[in-house]
Amino acid sequence: MHFIQSLVSLALACATAIPLIEARPSGHESRSDPLSLISPIRGFSFERMAATREPCELKPTRNFQRMKGISRKGAASRTAPVRIGAYQRQATPNDGAYQNITTTDARGVAYAVEVDINGVSVNLIVDTGSSDTWSVQSNYTCTDYMGSMLQQGACAFGHTKPQTFQYGPVPDVHLFVQYGDGEMVSGPMGLSDVTLANITVEKQQIALVNESYWIGDNYTTGILGLGYPSITDAFYGEPYDHEQYQSAPYSPVFTRMVQQGLVDPVFSLAISRNSTGGLLGWGGIPDIINGLDSSTYGYADIIIANIVGDPHTAWAYSFYTIIPDGFQFGMSTNEDKYPFIIDSGTTVNYLPLILADAINAAFDPPAKYLYSYGAYFTSCDAVAPPFSVVIGGTAFLINPKDMILRNQKDPLTGLCMTTVSTGGTGPFILGDAFLQNVLAVFDIGSAQMRFYGRPYY
Ligand SMILES: *[C@@H]1O[C@H](CO)[C@@H](O)[C@H](O)[C@H]1NC(C)=O
Ligand SMILES: *[C@@H]1O[C@H](CO)[C@@H](O)[C@H](O)[C@H]1NC(C)=O
Ligand SMILES: *[C@@H]1O[C@H](CO)[C@@H](O)[C@H](O)[C@H]1NC(C)=O
Ligand SMILES: *[C@@H]1O[C@H](CO)[C@@H](O)[C@H](O)[C@H]1NC(C)=O
Ligand SMILES: *[C@@H]1O[C@H](CO)[C@@H](O)[C@H](O)[C@H]1NC(C)=O
Ligand SMILES: *[C@@H]1O[C@H](CO)[C@@H](O)[C@H](O)[C@H]1NC(C)=O
């Protein structure tokens with residue numbers, strides 16, 4: 001429990017709630033406005049997340065749950081690179097865009113947690129890039145991409161599904177979400193108690209999806225949306241209506257968990273190496289985590305990156321985004337300021353081309369970009385350069401283990417892919433290759449992302 005002590009030393013005035021919207025955490029006044037440092041990225045808008053309280057001490061919490069890692073072969077369509085890439089290509093057709101990585105790693109990794117809805121235990125994918133929580137209901141229609149009916153099994157949802165809302169439907173309101181690659185879900189919304197890690201959020205608005213085109217994993221039945229609270233996909237009207245004027249905003253699960261006084265406005269994520277799983281803590285840091293490196297701590301303001309490329313999905317996705325101070329690799333330092341999405345659903349890191357080229361060249365032997373794969377490859381026993389992401393003045397060194405996907409040798413070339421890829425025109429992504437090295441704290445209340453180093457293991 002030595003980390004609790006070290007956390008106490010980080011304690012700041014916490015009791016004072018500060019007003020919504022214009023709030024800025026104290027101690028930041030001297031910093032230049034990070035938004036002014038970003039050149040606009042077409043297809044995206046950025047806004048600073050509003051703080052509702054002063055940054056304060058993080059508590060250990062017993063309310064945590066284990067996440068299960070799920071590889072979704074061929075169904076990476078919900079990952080941030082695909083979502084962003086689709087809009088980059090529309091917004092900047094002639095500039096760089098996210099490439100599809102077509103190696104064995106084309107599958108995305110998702111993390112699932114157990115959620116109790118109206119007494120039924122379901123496995124939902126944790127998604128920090130969307131804000132709605134839904135499960136498919138037992139009586140649903142599975143369709144193909146064109147909307148033709150298929151057998152239910154074709155959507156590959158998990159087995160156990162809730163069928164009714166505990167407190168009935170919200171009249172005339174439905175969920176409609178379309179994902180980057182055409183996946184679609186729609187269904188009635190209603191109120192149910194939702195229990196996560198022994199915390200029961202009462203009368204939560206959720207959706208029980210009854211129509212979907214979905215590429216499932218036979219395990220999960222829906223999504224737990226932990227995205228930016230204001231961006232939800234509920235609408236008035238017919239099941240497929242989703243114009244912005246029909247939008248029916250509501251408070252998502254985590255917002256209500258905080259509003260009901262059940263937890264502090266913080267959740268934390270510790271991803272295990274090799275996508276096997278991890279821990280998700282509500283209101284603090286899972287109390288079984290020890291060995292946090294208290295000397296390695298950094299934070300950055302949360303800004304929200306919204307995709308604005310398509311008016312129909314203008315508000316559908318949002319991503320928790322930060323601007324790192326820079327990067328260190330080998331003997332070089334780059335202090336250019338770029339927006340980076342923090343995304344556990346993405347395996348590798350996606351950097352600006354100039355950085356990706358330089359870091360890959362610093363491998364021994366150097367990693368080469370292979371056009372056919374859209375990624376960099378080097379020999380599987382290559383030595384990776386020391387590579388750190390600098391956040392809030394602290395350098396977070398990425399374990400060399402996380403610099404190459406050594407267990408996924410390309411059968412054609414015998415080479416292995418590095419975890420340093422290019423993210424077109426941005427925003428860029430810090431994925432699992434980074435998150436495996438830290439405890440990431442989404443301090444929604446004070447609008448900061450905080451990171452604690454985890455020692456190598
Ligand atoms: C990338 O993959 C998506 C989904 O499979 C596809 O729709 C898109 O056309 C591909 N883009 C490129 C540039 O290959
Ligand atoms: C199940 O769905 C079908 C088709 O959508 C519908 O005809 C049927 O009435 C539903 N059954 C129940 C019990 O809701
Ligand atoms: C899904 O639910 C909505 C709202 O309750 C209803 O209008 C629609 O017909 C249902 N769709 C199917 C396929 O059952
Ligand atoms: C779950 O919550 C109940 C009621 O607050 C409490 O009695 C119980 O000890 C908790 N269980 C765990 C495993 O924390
Ligand atoms: C899900 O199960 C079906 C039927 O058993 C199978 O055909 C399909 O490949 C499975 N999908 C995944 C992603 O495991
Ligand atoms: C991760 O995968 C590598 C390569 O397959 C393996 O050597 C290592 O033991 C795995 N680590 C964990 C924590 O499972």
Side-chain angles (χ1 to χ4, degrees), residues 67-79 82 101-113 117-118 120 122-127 132-192 203-223 232-243 246-248 250 275-277 345 347 408:
M67 304 191 294
K68 180 179 157 69
I70 298 167
S71 297
R72 289 179 290 112
K73 292 187 207 72
S77 68
R78 277 161 257 138
T79 64
V82 173
I101 292 182
T102 53
T103 65
T104 46
D105 191 60
R107 72 216 166 116
V109 180
Y111 293 90
V113 290
I117 296 175
N118 193 11
V120 180
V122 295
N123 293 299
L124 302 184
I125 290 170
V126 176
D127 186 12
D132 303 282
T133 292
W134 59 268
S135 168
V136 73
Q137 54 178 269
S138 42
N139 189 30
Y140 73 99
T141 302
C142 175
T143 72
D144 66 9
Y145 184 73
M146 304 300 291
S148 311
M149 241 174 103
L150 300 174
Q151 290 199 317
Q152 280 200 351
C155 282
F157 283 109
H159 271 300
T160 326
K161 308 168 190 79
Q163 179 56 21
T164 53
F165 298 108
Q166 198 169 350
Y167 305 100
V170 176
D172 300 323
V173 171
H174 66 276
L175 176 82
F176 178 91
V177 195
Q178 202 154 24
Y179 293 85
D181 205 20
E183 278 181 309
M184 179 283 298
V185 295
S186 155
M189 298 202 81
L191 304 181
S192 274
K203 299 192 175 167
Q204 174 60 42
Q205 183 168 335
I206 55 163
L208 293 178
V209 162
N210 65 353
E211 293 186 53
S212 74
Y213 161 58
W214 196 249
I215 304 165
D217 48 40
N218 291 328
Y219 180 73
T220 57
T221 61
I223 286 186
T232 50
D233 290 315
F235 301 95
Y236 298 105
E238 298 300 314
Y240 288 99
D241 284 349
H242 57 281
E243 298 293 341
Q246 292 164 306
S247 145
Y250 68 96
S275 314
T276 50
T347 309
Q408 293 172 20

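All ligand and atom numbering here is 1-based and tracks the order in the structure. Note that these values count all heavy atoms, side chains included, but never hydrogens, waters or copies made by symmetry.
- Every atom of ligand 5 is numbered from 1 in the order shown, and the set under 4.0 Å from a heavy atom of G216 is 13 (C).
- When the heavy atoms of C142, P239, P171 are ranked by distance to atom 7 (O) of ligand 3, first place goes to P239.
- Taking NE2 of H242 as the start and OG of S247 as the end, the distance is 12.0 Å to the nearest 0.5 Å.
- Taking distance alone, with nitrogen or oxygen atoms compared against 3.5 Å, N218 approaches ligand 5 more closely than that limit.
- The closest approach between E211 and ligand 3 falls below 4.0 Å for a heavy atom of the residue.
- Under the 30°/60° scheme for interplanar angles, the aromatic rings of F157 and W214 are found to lie parallel.
- The CG atom of D233 lies 10.0 Å from the NE2 atom of H174; values are rounded to the nearest 0.5 Å.
- Checked by distance only, ligand 3 and T141 stay at 3.5 Å or farther apart across all their nitrogen or oxygen atoms.
- Under the 3.5 Å distance criterion, with hydrogens and angles disregarded, a donor-acceptor pair is assigned to the side chains of Q246 and D241.
- Among all heavy-atom pairs drawn from V173 and Q205, the shortest one is CG1-NE2, 3.9 Å.
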